[in-house]
Each structure stands twice: as structure tokens, then as C-alpha cells.
Amino acid sequence: MAEDIRHDWTRGDVSALFALPFNELIFRAQSLHRKYFDAREVQISTLLSIKTGGCPEDCAYCPQSARYDTGVRAEKLMALNAVLDEARAAKAAGASRFCMGAAWREPKDRDVDSVCAMVEGVKSLGLETCATLGMLTKDHAKRLKNAGLDYYNHNLDTSPEFYSDIITTRTYQERLDTLAEVRAAGIAVCCGGIVGMGEDEADRAGLIATLAALDPHPESVPINALVRVAGTPLGDTAALEPLDFVRTIAVARVAMPKSVVRLSAGREEMSDETQALCFLAGANSIFYGPKLLTTPNPLADHDRALMERLGLRPMPV
Ligand code: SF4
């Protein structure tokens, strides 16, 4: 079992996984998935944008950056009661984890106070809590942990080499530093990336190798397909081949066998068949709800029907 869980994956090792015949790769991914998880279970999260738009960062894929004209308006941080109403609705719809996202470079002290109150409130409803608020200091990470935060999401987005094509306002190392603070505070790490941003397979291998070098591996690994939003620099990027997306999921599963691999943004544009292949490749988490921050997501009814057709069921908390 120990040899399945490795932190010494080289780029070459990961590239070799990408180069496997498709069926061989899926077989390996599925075998490991079944070894560490009940392959019929899918963890369900709901993501709420608690502070939308107006972000000073320049992430080229993001409609919430204040630098791009995407029609997303800057809003204030949501009120506590409104967030708790959304959390109750998410729970009633079957979510086990409630993720709160804010479009900040990093939170200020008073923002952390507000989010801590939200974490306490959501937790008291019997949901797992997750937040994505940008870069965190040691103190902010500790305060969020003390409020009961279970997971913190902070993605690496892509390979170290391709990164500067996508973001210039914060460094790759700053992202790794935030992940280290989250881990040191005892909060579980949710960290993945986005594919289909014009990167090549070597970059996808570089992303997975960097994630798999984290020790321990992130508990949760979201793999997003770029949602091409008009007005962002990546609005006209060519779509990624669906099978290349499935391969990325399978490679993530093989490289990080015990992590929950989340089929994240981009599902709205994916066929049911592609999603079914992703589950076969080892994806075992999705987001429920009509929106992912500001971009569309399949309706919960459609997701429930798809899970039923595939014989999948929600993972208990
Ligand atoms: S991805 Fe996050 S940090 Fe980057 S522009 Fe969007 S909201 Fe800001």
C-alpha cells in the first residue's frame, strides 16, 4: 500500500502515465480508486461566492478580475444570515461540504473575522466547511482553523513553467507558501488546477507532479476544465479534447491514490458520457448547484439523474 502513495513522482514518471494507452491508464486509475475508495460514492460539495468580483489579481481565466470587462460586478461580502440560508439549502439538496469563495488577493483582518463567523455558523448546521479567500498568513490560517474550518482551497492552477502566462500578480512560490501555512494550521488542503488554458501535456504533467510532491498529498484535488468567459484573456482559447481531460483525471488518481479528485468547473460543457468516463478514471467528487462562483454549473436535478443512471450515490460525511 505504501508504494502506491509516493511523493517522488518525477515529470518523466507523470508524463509516462499520460503516454499510456488510454485503456491501460484507466485500468490503473480505476484499480487504485477501488483500493482506496468505494467506487460507487461521490462526495458532493456546494460552492458559494460570498464576495464576488472586483479582484485586483490578473488570473487570465477569471471573470472576477477587475482588470477584465466580463460583466461581473464587484459586490460586498455577503451578510452572515444570507450565507447560512444558502448553506441550509445546500444541505437540503444533499451537499456534505459547503465551500465559501471570496475574490480577494488576501483577506484583511476584519474579513477573517467575518469568515470565521460564517465557518462557525455553517459548521453548526452539520456541514463540512471549506473556504477559498486568496493568500493566507500564519495568523489567518490559525484563526480559521480555530473557527472550525475543515478545508482550505488554494489552487496551483498549472505547471510552474506555464504559470507566468496565466498570472503575474502573485508567484507560484507564494501559492506554495499559503498551502504550507494551511497545512501547518491543521486545515485539510484542497489544491488542484485548471486544464485547457492553452498549456500542453507537459504542463499538465508538471502540475500533477507538483501536486504529488506535496507531502502529504492534498486531501482534495479539484481538476477544472477552463470555462472560457468572454472578456477574459482566455475567452477564445481552443477547447481541450475531452479525452485529454479524462486522462488528466486518471493521472491525478494514479499519482494521488488517496485524495478525493474533484470534477470541478467546466462540467456544464461536458457530455454525460465524458463525465461518466471521468468517474471511471477516478473522479469522486463534484460541485452541486447552478453556479460555480460566477460561471454556470449543471443543475442539481440533472446531476442527481446522472448519478442514478451511473449507480453512484453521495459519499456520507
Ligand atoms: S482567480 Fe481568484 S485571485 Fe485570481 S482574479 Fe479570480 S478571484 Fe482573483
Side-chain angles (χ1 to χ4, degrees), residues 45-78 83 99-108 111-112 114-115 118 130-137 140-141 144 149 151-160 162-179 181-182 189-199 203 207 210-211 218 220-235 237 262 264-268 287 289 291-297:
S45 295
T46 291
L47 175 60
L48 174 69
S49 178
I50 58 171
K51 195 281 168 211
T52 301
C55 182
E57 302 288 87
D58 71 349
C59 310
Y61 51 82
C62 183
Q64 303 204 66
S65 168
R67 297 163 192 245
Y68 313 133
D69 186 9
T70 60
V72 173
R73 280 194 325 221
E75 292 172 13
K76 287 195 180 132
L77 182 63
M78 281 176 73
V83 172
C99 307
M100 294 164 274
W104 289 317
R105 174 177 165 79
E106 71 248 299
K108 300 185 181 69
D111 299 326
V112 173
S114 303
V115 175
M118 292 173 188
C130 176
T132 181
L133 315 171
M135 295 189 286
L136 283 192
T137 62
H140 288 170
L144 288 163
L149 188 69
Y151 286 79
Y152 193 78
N153 164 266
H154 200 62
N155 289 333
L156 290 176
D157 284 357
T158 188
S159 67
F162 191 63
Y163 182 81
S164 60
D165 285 33
I166 303 297
I167 299 134
T168 67
T169 49
R170 75 175 72 162
T171 65
Y172 209 77
Q173 187 56 49
E174 284 175 312
R175 290 183 184 256
L176 292 167
D177 292 346
T178 288
L179 293 170
E181 295 301 358
V182 169
V189 169
C190 172
C191 181
I194 308 173
V195 297
M197 298 195 291
E199 80 286 341
D203 292 309
L207 167 67
T210 311
L211 291 167
S220 179
V221 179
I223 303 292
N224 298 279
L226 174 69
V227 178
R228 292 164 293 164
V229 179
T232 63
L234 298 184
T237 309
R262 179 172 304 123
S264 297
R267 284 199 306 121
E268 161 96 341
F287 278 121
K291 265 189 170 185
L292 275 185
L293 297 176
T294 63
T295 58
N297 196 44

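Atoms within each ligand, like the ligands themselves, are counted from 1 in listed order.
Arg170 counts as a contact of ligand 1, since one of its heavy atoms falls under 4.0 Å from the ligand.
In this structure, the protein non-hydrogen atom closest to atom 4 (Fe) of ligand 1 is Cys59 SG, 2.3 Å.
A distance-only check finds a donor-acceptor pair linking the side chain of Thr178 to the backbone of Leu136 [under 3.5 Å]. With Tyr68 contributing its side chain and Asp58 its backbone, the two residues share a donor-acceptor pair below 3.5 Å. Proximity of a side-chain donor or acceptor of Gln64 to a complementary backbone N or O of Cys62 within less than 3.5 Å is not detected. Of the possible donor and acceptor atoms, none in the side chain of Tyr163 sits under 3.5 Å from a partner among the backbone N and O of Leu156.
Listed by number with element, the atoms of ligand 1 under 4.0 angstrom from any heavy atom of Ala103 are 7 (S). Residue Cys55 has at least one heavy-atom neighbour below 4.0 Å for each of these atoms of ligand 1: 3 (S), 5 (S), 7 (S), 8 (Fe).
Within the 4.0 angstrom cut-off, atom 2 (Fe) of ligand 1 has no protein heavy-atom neighbours.
Ranked by closest heavy atom to atom 6 (Fe) of ligand 1, the top entry among Gly54, Cys62, Pro63 is Cys62.
Between Asp157 and Tyr61, the side chains place a donor N or O and an acceptor N or O closer than 3.5 Å (distance only, hydrogens not considered).
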